[in-house]
Amino acid sequence: MDRNRRGSAVSEELMSELNDGLEIRATVDGVSPAEAAIGGMAAIGGAAAIGDALGAEGLAATVSAKSKATADKSSKTKAAKKAQEGRPDPYLWGIYIAFLVISVVELFSASSTEVTGANVYTPLIRHGMFLVLGFGIVLWLQKHHYAIISKFAWIFAAVSLVLLLLSSFMGVEMNGAQRAIRIAGMTIQPAEIVKLSVVCLLSYILGKNQTPGGVTNVGVITAAIVVVVFGGCLWKNGLTNTILLMTVSLCMMLIGGIQMKKLAIVLGVYMVCGGALYGIKYVTPSSTEFDEVQQSQRQLAEAGGGVVVSEGSKIDRTGTQIGRVKRFLKGVHPNDPIDDINRQVIFSKFSQANGGLLGQGPGNSRESARLPLAFSDYIYSIIVEDTGFVGGSALLLLYLLLLARAGRIAYKCSRAFPAFLILGCAVMIVFQALVHMAIVTGVFPVSGQPLPFISKGGTSVLVMSAAMGIMMSVARYAAKSDDTKKTRAEKAVLPEEMQAANFTMAK
């Protein structure tokens with residue numbers, strides 16, 4: 001009993017000590033309220049920090065994704081251009097090099113009136129500099145995709161129009177015509193630039209509005225308005241340039257498969273506008289007697305073989321142009337006396353007659369010393385004199401081969417825009433060459449029109465070189481209709497509005 005009492009007392013004593021050592025606390029999931037509050041605040045701050053970090057990372061990821069997408073798009077465009085890139089066209093290059101060789105040889109032969117001082121190579125060196133610059137333009141353009149033309153067609157046209165207006169109202173006069181402007185000491189003839197700019201713009205307009213049935217009404221109207229506006233501004237720089245521009249535009253519309261009814265309407269609009277300009281300029285001429293005296297003096301200077309350049313004066317060339325047409329209709333007869341008015345035509349006839357069948361040989365021209373403007377407006381007569389009928393015919397054939405090659409390339413293009421572009425440039429070059437030859441041989445009335453790539457003239461050489469470079473770019477990059485891979489690559493490079501199929505060509 002005593003033993004049980006002692007055990008019970010010990011147990012009570014131990015329980016009492018244990019109770020004294022215990023501390024009762026309120027907890028939340030094993031954590032005190034204070035600690036829970038501190039932990040909660042820390043958790044909230046951590047979550048906010050994590051959120052900020054995630055937000056920054058998301059923004060960076062978005063920017064990175066956009067940059068990557070842009071880079072991917074750029075790389076895809078470059079890859080598409082690379083996939084579309086072909087070899088330079090050997091036929092176009094061969095024709096172009098042939099033009100350069102003929103230009104160097106024949107211009108040196110025709111430049112005897114320009115030789116001054118002891119250095120007889122001065123005219124050739126000046127012309128050679130422009131040929132080298134033109135060659136550089138050809139190289140640059142044929143290495144770049146022709147799609148660049150669609151991006152700057154309107155800008156190029158607007159700039160050329162501004163230059164043309166400046167030359168018409170504030171330009172310098174050359175050989176009695178106000179057709180040039182001076183920039184940084186250089187004389188530029190905007191009329192030459194306008195021809196190429198209109199071809200590029202018409203290619204853009206017609207290519208954008210090409211349909212299986214031809215060209216849309218919007219395309220036809222827009223193209224006609226462009227030609228009328230530029231033709232009206234070009235009228236003062238020469239009737240031949242205006243006719244040439246309208247002819248090239250009609251050919252491009254025919255290439256685009258324009259319906260005959262629409263073509264007839266466009267032709268009618270051209271005739272009405274041309275008649276209005278004719279009435280304004282020729283029926284009611286504004287020249288005075290003093291102007292006619294100035295004009296006569298300039299004609300004498302022009303007939304003497306020099307190039308007259310003056311600033312600030314204005315003369316009306318209406319009498320000159322009407323007189324040229326009258327003399328053309330009258331014709332030239334063997335018994336006509338040589339005077340300051342007809343000497344250009346007569347000496348040109350002498351030069352061609354002296355050429356015979358095989359010519360006198362390069363550098364042996366007899367008439368280059370007295371034929372006015374033999375190095376530019378009448379260089380074809382010197383070519384015939386040097387190389388004869390055979391050489392003149394060969395040069396004509398070379399221009400026709402250029403047009404045929406361009407037509408062959410355009411025939412195979414899968415898109416309409418490059419087809420318009422290469423044929424437009426080829427038609428412009430070849431038509432100007434044909435007009436020059438027709439004037440020299442007496443088929444057309446006398447008018448100043450240089451022979452592309454061959455006549456002396458910085459602006460003409462550079463513009464025609466640019467046209468040749470565009471043609472080579474199309475030949476190198478335009479996809480053929482039977483090449484599916486390159487056609488897809490071409491669509492990736494061209495703007496969306498320029499992806500109309502070449503419906504007028506064979507597939």
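Values below: every heavy atom of this structure, side chains too, minus hydrogens, waters and symmetry copies.
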TODO: Locate the shortest heavy-atom distance separating Val430 from Leu403; write the atom from each residue and the value.
DONE: CG2-CB, 3.8 Å
TODO: Mind checking the CD1-CG spacing from Ile409 to Leu92? Nearest 0.5 Å is all I need.
DONE: 4.5 Å
TODO: Answer with yes or no whether the side chains of Ser473 and His145 bring together a donor and an acceptor at under 3.5 Å.
DONE: no
TODO: State which residues pass side-chain hydrogen bond (donor to acceptor under 3.5 Å, both in side chains) with Ser160; sequence neighbours excluded, sorted by chain then number.
DONE: Ser197
- [ ] Please round to the nearest 0.5 Å and tell me the distance separating atom CE of Met472 and atom NZ of Lys143.
- [x] 12.5 Å
Task: Gap separating the CE atom of Met246 from the CD1 atom of Ile243, nearest 0.5 angstrom - done: 8.5 Å
TODO: With sequence neighbours left out, write down each residue that passes side-chain hydrogen bond (donor to acceptor under 3.5 Å, both in side chains) with Lys195, or none if nothing qualifies.
DONE: Glu192, Asn241, Gln432, Gln449
Task: CA sep, side-chain torsions, deciding dist, call: Phe375, Ser368, side-chain contact (heavy atoms from CB on, under 4.5 Å) - done: CA-CA 8 Å; Phe375 47 82; Ser368 62; over 6 Å; no
Open item on the list: Looking at Val390, is its backbone amide N or carbonyl O close enough to the side chain of Ser393 to form a donor-acceptor pair, meaning the two atoms are under 3.5 Å apart?
Closed with: no
Task: For the student: nearest non-hydrogen atoms of Val199 and Gly424, plus distance - done: CG1-C, 3.5 Å
- [ ] With sequence neighbours excluded, tell me which residues meet ring-ring contact (aromatic ring centres under 6.0 Å, His included) with Phe99.
- [x] Tyr399, Phe453
Open item on the list: Could you work out, with side-chain hydrogen bond (donor to acceptor under 3.5 Å, both in side chains) as the rule, every residue matching Ser376, not counting sequence neighbours?
Closed with: none
Task: Flag for Gln344-Ser348: side-chain donor and acceptor within less than 3.5 Å - done: no
TODO: Might you point out which heavy atoms bring Ile102 and Leu398 nearest each other, and give the distance in Å?
DONE: CD1-CD2, 4.2 Å
Task: Taking every non-hydrogen atom, the tightest pair across Ile205 and Ala223 - done: CG2-N, 4.1 Å
- [ ] Kindly write out the residues that satisfy ring-ring contact (aromatic ring centres under 6.0 Å, His included) with Tyr270, not counting sequence neighbours, or none if the list is empty.
- [x] none
- [ ] Return the orientation label for the Tyr204 and Phe417 ring planes: parallel under 30°, perpendicular over 60°, tilted otherwise.
- [x] perpendicular
Open item on the list: So, using side-chain contact (heavy atoms from CB on, under 4.5 Å) as the criterion, who are the partners of Leu196 when residues are at least two apart?
Closed with: Phe156, Cys200, Cys425, Met428, Val463, Ala466, Ala467, Ile470
Task: Qualifying residue for side-chain hydrogen bond (donor to acceptor under 3.5 Å, both in side chains) with Asp89, from Arg405, Gln142, Arg476 - done: Arg405
- [ ] Consider only side-chain N and O atoms of Thr459 and Gln189, and report whether a donor and an acceptor are under 3.5 Å apart.
- [x] no
